[in-house]
Amino acid sequence: MTSEPTPPPVVPPLHSPKSPVWPTFPFHREGSRVWERGCVSSRDLPSPLPTKRTRTYSATARASAGPVFKGVCKQFSRSQGHGFITPENGSEDIFVHVSDIEGEYVPVEGDEVTYKMCPIPPKNQKFQAVEVVLTQLAPHIPHETWSGQVVGS
């Protein structure tokens with residue numbers, strides 16, 4: 001019995017695609033409701049709000065160079081990832097995204113905060129709070145850390 005060596009398998013050569021591969025739309029992006037559901041539909045669009053991750057360098061630099069404002073957290077939804085701050089001067093409430101909150105606690109109604117402001121594109125007529133820091137936690141209200149631990153009573 002002679003066994004003849006088997007020839008190696010034939011592997012087709014690798015070819016580059018003729019056109020570059022681009023992500024299909026809608027693509028998953030932080031802040032997009034599509035990301036949370038796990039299913040993609042052609043009618044779902046990514047969030048148009050600029051998060052810390054998607055904000056341009058120039059917008060970030062302008063916001064960082066701007067003045068620091070004080071306010072009180074009016075409302076914040078951890079599950080939706082955003083909320084609103086009432087400015088100390090009583091003007092219109094300001095939007096805040098979860099990616100712009102600094103520190104270990106999830107904001108709750110009544111927390112005192114400091115923040116800077118950045119315009120919301122495309123028209124830059126409204127503003128959102130960036131570099132939000134909780135300066136005074138609301139008394140007698142339990143606070144939750146980002147890791148889920150409840151602190152206080």
Side-chain angles (χ1 to χ4, degrees), residues 14-153:
L14 296 174
H15 295 288
S16 316
K18 292 181 181 169
S19 63
V21 178
W22 298 102
T24 58
F25 191 80
F27 52 90
H28 297 300
R29 181 174 97 177
E30 179 186 15
S32 170
R33 299 302 303 229
V34 175
W35 194 257
E36 296 171 10
R37 290 193 296 266
C39 63
V40 178
S41 168
S42 62
R43 63 181 167 75
D44 292 328
L45 298 175
S47 170
L49 295 170
T51 63
K52 183 186 286 187
R53 196 174 207 170
T54 59
R55 192 174 301 123
T56 63
Y57 175 77
S58 59
T60 302
R62 282 192 305 271
S64 293
V68 176
F69 298 94
K70 291 183 178 181
V72 176
C73 180
K74 177 180 181 180
Q75 173 265 332
F76 187 82
S77 172
R78 182 177 181 170
S79 62
Q80 293 180 350
H82 68 269
F84 293 91
I85 295 173
T86 302
E88 189 177 54
N89 63 10
S91 61
E92 185 179 340
D93 291 343
I94 298 180
F95 175 84
V96 61
H97 189 266
V98 67
S99 67
D100 291 309
I101 297 172
E102 311 289 335
E104 61 180 305
Y105 294 106
V106 178
V108 296
E109 182 179 345
D111 286 347
E112 293 179 20
V113 297
T114 59
Y115 60 93
K116 295 183 179 184
M117 293 197 331
C118 180
I120 300 175
K123 294 183 180 180
N124 296 330
Q125 292 175 339
K126 293 192 176 193
F127 292 88
Q128 75 179 63
V130 297
E131 299 181 23
V132 179
V133 177
L134 277 68
T135 55
Q136 180 69 43
L137 301 179
H140 310 297
I141 297 177
H143 283 77
E144 184 179 5
T145 62
W146 292 110
S147 61
Q149 180 183 3
V150 177
V151 179
S153 56

Does a side-chain heavy-atom distance below 4.5 Å link [X] with [Y]?
X: L134; Y: I101; value: yes
X: V98; Y: W146; value: yes
X: M117; Y: F69; value: yes
X: F76; Y: D111; value: no

Mind listing the closest non-hydrogen atom pair of [X] and [Y] along with its distance?
X: E131; Y: S64; value: OE2-OG, 2.7 Å
X: C118; Y: A63; value: CB-CB, 4.0 Å
X: V113; Y: V72; value: CG2-N, 4.4 Å
X: I85; Y: A129; value: CD1-CB, 3.9 Å
X: D93; Y: T86; value: OD1-OG1, 3.2 Å
X: Q128; Y: D100; value: NE2-OD2, 3.2 Å

Distance col, row Q80:CD vs H97:NE2, nearest 0.5 angstrom, shows 11.0 Å
To the closest 0.5 Å, what do you measure between CD (E102) and OG1 (T114)? 9.5 Å
Above 12 or not: heavy atoms from other molecules or residues under 6.0 Å from CD of Q75? yes
Any idea how F84 and H82 line up, ring-wise: parallel (<30°), tilted (30 to 60°), or perpendicular (>60°)? perpendicular
Ignoring hydrogens and geometry, is there a side-chain-to-backbone donor-acceptor pair from T145 to E104 under 3.5 Å? no
